[in-house]
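Everything on this sheet refers to the single structure shown next.
Atoms within each ligand, like the ligands themselves, are counted from 1 in listed order.
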Amino acid sequence: MITRNDLANLIFPDITETIEDLEKRYPERKLKEGSYVTRFAPSPTGFLHTGSLFTAMIAHKIAKDTDGIFYIRLEDTDSKREVEGSAGKLIDQLEKFNILPNEGFLGKEEKGIYGPYKQSLRRDIYRTVIKQMIIDDLAYPCFATPEDLEKLREEQTALKEITGYYGKYAIYRNLSVEEAYNKIQNNEPYVIRFKSKGDHNNKIKVKDMIRGELELTQNDQDIVILKSDGLPTYHFAHVVDDHFMRTNLVTRGEEWLPSLPLHIEMFSALHFKAPKYAHLPVIMKMEDEKRRKLSKRKDPEASVDYFLEKGYEPYSLLVYLMTIANSNYEDYIVTSKDLNIDNFKYSFKKMSLDGALFDNEKLNFYAKEILSRMKKEEIASKSYEWARTYDLKLKEFIEKDYSRYETILNIEREKKNPRKDYAKYSDIYPIISFFDNDEFNNLVKSNGFDFNKNIDKELIKEFLINYPSFIKLDEDESSWYNKTKECAEKVGFCVDMKAYKADPSLYKGSINDACEILRVVITTRRVTPNLFAILSILKEEEIKRRIDLAISSL
Ligand code: GLU
């Protein structure tokens with residue numbers, strides 16, 4: 001008589017190890033009470049999705065907060081969807097965000113004793129477990145063809161039954177061992193399925209760290225655990241890997257919540273202790289007043305690359321994502337004024353459940369805050385680094401005079417409430433390009449000077465003709481301002497703002513109007529950062545040249 005042992009040996013003749021051997025090879029981790037072993041388990045299918053960065057950040061943070069372990073596992077069992085080179089890129093990108101694993105897949109090599117951390121290299125581990133499952137009648141070979149499955153689906157749909165491969169519809173689950181053995185010997189193609197003991201009429205209680213206790217429908221699907229290409233499916237691979245890598249907390253997207261009963265059933269069938277689970281909210285976007293998932297196809301911000309290309313400081317995206325992850329963090333920022341994620345303790349309690357909404361304005365708010373807190377040296381070097389890849393105009397500008405660039409970035413920076421002009425590095429050049437003389441000429445050519453139409457042109461001209469002999473930049477701001485006032489008063493502007501406000505009709509304009517004229521002349525714009533700082537950087541000769549240009553335009 002042919003036994004299940006014979007069948008298992010026929011399918012896996014080369015497997016000599018057992019589950020016990022694996023248990024010994026991958027021992028329980030010695031960690032202190034309360035430490036979490038978490039992981040990020042990306043599939044190399046193209047690019048790092050913003051939602052994936054979000055889950056990686058949280059897994060990393062929890063492990064760090066609890067003195068645990070955070071590792072990376074590459075889930076590359078779907079060879080059809082794999083994009084070459086994307087695995088290494090994922091690791092490089094995580095590095096930019098300082099999400100560094102304690103162990104795991106690191107691109108070219110790997111680190112740690114629970115490996116291999118790349119699923120395609122773990123074939124024999126999965127096969128070892130499945131061999132035992134066949135012996136224990138927890139799994140069986142299934143010979144259904146795609147046409148058989150399609151027919152089954154049609155039949156179930158017509159009968160208004162739940163579709164899938166389960167119960168009485170699972171035609172190969174009760175095939176005799178002998179028949180299965182013969183079919184395999186006859187080279188009939190097959191997959192291996194899990195033999196579920198569940199019933200979809202039952203509900204089971206499962207616990208999620210974020211959502212609490214949930215009642216979900218019991219699994220009864222005999223899902224495929226080993227595909228015909230010899231690689232496992234996600235459902236099965238994650239059970240084996242999270243067990244033998246000794247993960248004790250799985251943090252993953254909420255799209256996996258419906259399959260949790262299946263996963264729990266497999267852990268229990270294998271007598272493995274199931275990890276805790278936390279299903280994280282998906283990042284959503286508003287469109288036509290409706291919420292929808294950030295979409296790879298429609299939304300550039302679904303890809304982390306987008307933020308890197310735009311020149312967002314990686315940390316600012318993390319800060320923003322952490323505020324969506326945990327409202328505790330925002331409370332922490334408000335009370336402490338500290339943005340350091342490491343200094344705050346993450347908790348599942350304040351996690352939003354109903355999909356986190358991506359809010360660009362809020363991202364910009366934090367991004368500006370972070371850039372405004374940098375010292376000039378830091379923002380200069382980081383923006384230069386970025387510009388070398390993404391913004392050649394800025395790069396050229398910086399390379400003309402690096403220390404002048406630092407000085408420009410330092411305008412209204414080293415003070416209690418620094419200016420918040422820039423959210424991202426790509427904001428810099430459009431704001432400061434007027435400092436470049438050629439670029440300034442181009443601006444004048446294309447936009448002209450944006451003078452206030454309410455101020456008499458002749459007055460502007462007169463003020464500008466007089467101004468060169470009043471330029472005073474060798475002392476402090478107040479001596480420059482006093483000289484500017486002198487010039488303004490000479491041509492008829494009111495320099496006493498109180499008097500001016502009392503009755504503006506008595507004057508041709510005020511000192512503020514005079515300063516605005518200067519702003520327009522040297523930048524083409526009416527709103528600029530500190531005027532004295534700008535004038536000091538441009539220097540007298542260039543100021544005079546710009547005054548002449550403005551006069552000839554009037
Ligand atoms: N490879 C799965 C995914 O990319 C991982 C899910 C998990 O973290 O378990 O969605």
Decide, yes or no, whether a salt bridge links R211 with E254 under the criterion of side-chain N to carboxylate O below 4.0 Å.
yes
Which heavy atom of the protein is the closest neighbour of atom 9 (O) of ligand 1, given with residue, atom name and distance?
Y234 OH, 2.4 Å
Going by an N to O cut-off under 4.0 Å, is there a salt bridge joining E75 and R81?
no
Would you please determine whether F40 falls within less than 4.0 Å of ligand 1 on a heavy-atom basis?
no
Looking only at protein heavy atoms, identify the closest one to atom 10 (O) of ligand 1 and say how far it is in Å.
W256 NE1, 3.4 Å
Atoms of ligand 1 under 4.0 Å from any heavy atom of E75, numbered from 1 in the order shown, are 1 (N), 2 (C), 5 (C)
D342/K61 salt bridge by N-O under 4.0 Å criterion:
no
Nearest protein heavy atom to atom 3 (C) of ligand 1, by residue and atom, and its distance?
A41 O, 4.0 Å
Does a side-chain N-to-carboxylate-O contact under 4.0 Å join E110 and K118?
no
Cationic N near anionic O, under 4.0 Å, K151 to E155
no
Show which atoms of ligand 1 fall inside a sub-4.0 Å distance from at least one heavy-atom site of R39.
7 (C), 8 (O), 9 (O)
